[in-house]
Protein chains: 2
Amino acid sequence: METSSTPTRSRGRPAKMAAPEAVATALRLVDEEGLDALTMRRLATALGVQVGTLYRHFATKQDLLTAMAEEMLAGCADPPPDQDTWQEQVIELAGRLRAALLRRRDGARIYAGTHAAGPNTLAYAEALVGVLRGAGRSAESAARSTLAIVHFTLGHTLEEQAVGSAADGAAGGLYAALEPGRYPNLAAAAATLTSADYARHFAHGLDLLVRGLG
Amino acid sequence: METSSTPTRSRGRPAKMAAPEAVATALRLVDEEGLDALTMRRLATALGVQVGTLYRHFATKQDLLTAMAEEMLAGCADPPPDQDTWQEQVIELAGRLRAALLRRRDGARIYAGTHAAGPNTLAYAEALVGVLRGAGRSAESAARSTLAIVHFTLGHTLEEQAVGSAADGAAGGLYAALEPGRYPNLAAAAATLTSADYARHFAHGLDLLVRGLG
DNA sequence: ACCTGAACACCGTTCAAGT
DNA sequence: ACCTGAACACCGTTCAAGT
C-alpha cells in the first residue's frame with residue numbers, strides 16, 4: 001500500500017510528477033467536485049500527465065484514496081491535548097477527528113472507504129489510547145474504548161456530510177411518513193432527528209461515551 | 001425516490017420484471033460477488049432483461065441501492081424487544097441492526113451510502129426512540145441518543161465488514177509500525193486493537209453508551 | 001528511469017423504435 | 001404499457017514503445 005519506494009537521486013529522466021503533489025491535487029478536486037467526480041483520468045489531466053503515469057505512483061485507485069485518507073489526518077494528534085481532565089482531552093481528540101473529516105468534502109466517505117495506517121493515523125490512535133491509559137484504564141479497555149469513540153465519530157460524520165451534500169429529502173421522507181397516527185415516537189422526536197445541529201448531536205453522543213467511561 | 005408507482009391492473013404488456021424481485025436479486029448478487037461487482041448490466045442479465053428496462057423501475061442506481069438498504073432492515077423492529085430493563089432493550093435493538101447489516105455482504109457500506117426512509121427504517125427508529133422515551137427521557141434526549149447508537153453501530157459494522165472482507169493488511173500495517181519504541185500505547189493496545197473479536201468490541205461500545213444514558 | 005499513446009474490457013444512463 | 005437495441009460519454013487498468 002501507500003506510495004511506491006521513494007526514487008531518490010534517480011539517474012534517468014527527471015520525474016514529472018510527485019506522489020504528494022498528486023494526493024494534494026486529488027483532495028482539491030474532491031473539494032471542488034465531490035468524491036464521485038474524482039477519476040484517475042481527471043486527476044491525470046489536472047496534473048498535466050497521462051493516465052498511465054499515475055500507476056507508477058499508485059498501484060490502484062484504492063491506494064490513492066488511502067493516501068488521501070492518511071493525509072487528511074495530518075496534524076490531528078499534535079499538539080497533545082492539554083485540557084485539565086482526561087474527559088476533556090478525549091472530547092478534544094474526537095473533535096479534532098471530526099473536524100479533520102469535515103474539512104474536506106466527502107472526507108468521512110474517503111476515510112471510511114480505506115484503511116489508512118500511516119504515521120498520521122497511528123499518531124492519532126496513539127494519542128487517544130494514551131489519554132485513556134493515562135486515566136487509569138487497562139490497555140485492553142483503552143483499546144476498545146478508542147474503537148468505540150472512533151467508530152461513533154466516523155458514523156456520525158458520515159451522516160453529517162451525507163445529509164449536508166445530497167439534500168435528497170431524507171428529512172422530507174421522515175415528515176411525509178408522519179401524517180397518520182403511526183410512528184408516534186418519531187413524531188415527537190422529528191424536530192430533533194431532522195435538525196441540522198450536528199455539533200450538538202456529536203457532543204451528546206460523545207458525552208454518553210465519556211460518561212460511560214467514568 | 002424508492003420504486004415507481006405501482007402498476008396495478010396494467011392494460012398493456014404484462015410486466016416482465018418486478019421491482020421487489022430486482023431488489024432481492026441485487027442483494028443476492030452482492031452476497032455472491034460483493035458490492036463493487038453489482039452493476040446495472042449484471043443485474044439486468046441476472047433478471048433476463050435489458051439494461052434499459054431497469055430504469056423503468058429505478059431512476060438511478062442510487063435508488064436501487066436505497067431500496068436494497070431499506071429491504072435489509074426488514075423485521076428489525078419486531079417483535080418489540082421484551083427484555084426486563086430498557087438497557088437490555090436498547091442493546092437488543094442495536095444488536096438487531098448490527099445483525100441485519102452483517103447478514104449481507106457489504107451490508108454496512110450499502111446502508112451508509114444511502115438514505116433509506118421506508119417503513120422498515122422508520123419502524124426501527126420508532127422502536128428505538130420508543131424504548132428511550134419509555135425509560136423516561138425527553139423526546140429530544142431520546143432522539144439524540146438514538147442517533148448516537150445508530151451512528152456507533154454503523155461505524156462499527158462498517159469497520160467490521162471492511163476488515164473481514166478485504167484483509168488488506170491494516171493489522172499488518174499496525175504491527176509493522178511498532179518495531180521501534182514509537183507508539184508505546186499502540187504497542188500495549190495492539191493485541192486488542194487488531195483482535196477479530198468484534199462482538200466484544202461492539203458490546204463494549206454499546207455498554208459505554210448505555211451507561212452514559214444511565 | 002520515467003512517460004506517452006493506445007488499447008481492453010468494462011461502466012451508468014438515455015431513447016428511438018418495436019410489440 | 002412495457003421492453004429491446006443501440007448508442008453516448010465515460011470509467012480503471014495495462015503495456016508496448018518512445019526518450
Side-chain angles (χ1 to χ4, degrees), chain A residues 1 3-23 25-26 29-30 32-68 106 109-110 113-114 166 168, chain B residues 1 3-23 25-26 29-30 32-68 106 109-110 113-114 166 168:
Chain A
M1 284 87 271
T3 68
S4 57
S5 61
T6 329
T8 41
R9 299 194 135 285
S10 59
R11 197 77 73 94
R13 234 196 216 189
K16 191 174 176 185
M17 185 206 134
E21 185 202 338
V23 169
T25 302
L29 284 182
V30 169
E32 290 167 0
E33 318 236 37
L35 180 55
D36 294 335
L38 176 69
T39 68
M40 297 298 267
R41 287 161 193 273
R42 276 147 101 118
L43 176 57
T45 301
L47 290 166
V49 134
Q50 296 288 329
V51 212
T53 304
L54 290 174
Y55 288 85
R56 308 223 131 251
H57 301 269
F58 307 97
T60 63
K61 186 181 181 183
Q62 194 60 221
D63 282 6
L64 167 68
L65 290 166
T66 300
M68 292 165 68
D106 294 326
R109 250 171 87 203
I110 295 172
T114 56
D168 53 353
Chain B
M1 282 98 259
T3 68
S4 58
S5 60
T6 330
T8 41
R9 300 195 135 284
S10 60
R11 197 78 72 93
R13 235 195 216 190
K16 191 175 176 185
M17 186 206 131
E21 184 201 340
V23 170
T25 302
L29 284 183
V30 170
E32 289 167 1
E33 317 236 36
L35 179 56
D36 293 336
L38 176 69
T39 69
M40 296 299 266
R41 288 161 193 274
R42 277 149 100 117
L43 177 56
T45 300
L47 291 166
V49 135
Q50 297 287 329
V51 211
T53 304
L54 289 174
Y55 288 85
R56 309 221 131 251
H57 301 269
F58 306 96
T60 62
K61 186 181 181 182
Q62 194 60 221
D63 282 7
L64 167 68
L65 290 166
T66 300
M68 292 165 68
D106 293 326
R109 250 171 88 203
I110 294 171
T114 56
D168 54 351

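No experiment lies behind these values; they were computed from the predicted model shown. Letters A, B, ... mirror the listed sequences (proteins, then strands); counts begin at 1.
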- In whole angstroms, the gap separating C1' of C:dT13 from CD of B:Gln62 amounts to 14 Å
- Among the nucleotides C:dG12, D:dG12, C:dT13, which one has an atom lying closest to any side-chain atom of A:Lys61? D:dG12
- Note on the structure: On a heavy-atom basis, the closest approach of B:Tyr55 and B:Thr60 is CE2-CA, 4.3 Å
- Note on the structure: Those residues at least two apart in sequence (or on a different chain) that pass side-chain hydrogen bond (donor to acceptor under 3.5 Å, both in side chains) with B:Glu32 are B:Arg28
- Query: If we only count heavy atoms from C-beta on, is the A:Ile110 to A:Val30 side-chain gap below 4.5 Å?
  - Reply: yes
- Item | Proximity to the side chain of A:Ala15 - top-ranked nucleotide from C:dC2, D:dC3, C:dC11 | C:dC2
- Task: May I ask you to decide if A:Gly48's main-chain N or O and A:Lys16's side chain share a donor-acceptor pair within less than 3.5 Å?
- Result: yes
- Query: If the C1' atom of C:dC8 is compared with that of D:dC11, how far apart are they to the nearest Å?
  - Reply: 12 Å
N/O donor-acceptor pairs under 3.5 Å from side chains in residues 34-47 of chain B, not counting sequence neighbours:
{"from": "B:Asp36", "atom 1": "OD1", "to": "B:Arg109", "atom 2": "NH2", "distance (Å)": "2.7"}
{"from": "B:Thr39", "atom 1": "OG1", "to": "B:Arg42", "atom 2": "N", "distance (Å)": "3.0"}
{"from": "B:Arg42", "atom 1": "NE", "to": "B:Ala37", "atom 2": "O", "distance (Å)": "3.1"}
{"from": "B:Thr45", "atom 1": "OG1", "to": "B:Arg41", "atom 2": "O", "distance (Å)": "3.0"}

- Item | Student check: side-chain heavy atoms of B:Leu54 and B:Met17 closer than 4.5 Å | yes
- Please give, in whole Å, the distance from C:dC3 P to A:Met40 CE? 14 Å
- Query: Counting just side-chain N and O atoms, does B:Lys16 come under 4.0 Å of either OP1 or OP2 of D:dA1?
  - Reply: no
- Donor-acceptor pair, side chain of A:Thr25 and main chain of A:Glu21, under 3.5 angstrom: yes
- Item | Between C1' of C:dC10 and CG of B:Asp36, the distance in whole Å | 14 Å
- Least distance between heavy atoms, B:Gln62 atom then B:Gly113 atom: OE1-O, 2.8 Å
Considering only nitrogen or oxygen atoms on both sides, find all protein atoms under 3.5 Å from nucleotides 17-19 of chain C and state each distance.
none

- Query: In whole angstroms, how far is the P atom of D:dC3 from the CE atom of B:Met17?
  - Reply: 8 Å
- Message: Whether B:His57 contacts D:dA1 is assessed here as follows: a side-chain N or O lying under 4.0 Å from the phosphate OP1 or OP2. Is that the case?
- Response: no
- Task: Only stems of 3 or more consecutive Watson-Crick or G-U pairs count here, both distances under 3.5 Å; name the ones for DNA chain D, or none.
- Result: C:4-8 with D:12-16, C:12-16 with D:4-8
- Item | Nearest-0.5 Å distance, CZ of residue A:Phe58 to CG of residue A:Leu64 | 5.0 Å
- Distance, rounded to the nearest Å, where A:Asp63 contributes CG and D:dT14 contributes P: 11 Å
- Nucleic acid contacts - residues 42-55 of chain B versus DNA chain C, non-hydrogen atoms under 4.0 Å: B:Arg42, B:Val51, B:Gly52, B:Tyr55
- Item | B:Arg41 side-chain proximity, nearest of D:dT4, D:dC8, C:dT4 | D:dC8
- Item | Separation of D:dG12 C1' from A:Leu65 CG (nearest whole Å) | 12 Å
- Output for pair (B:Met68 CE, B:Thr114 OG1), nearest 0.5 Å, gives 9.5 Å
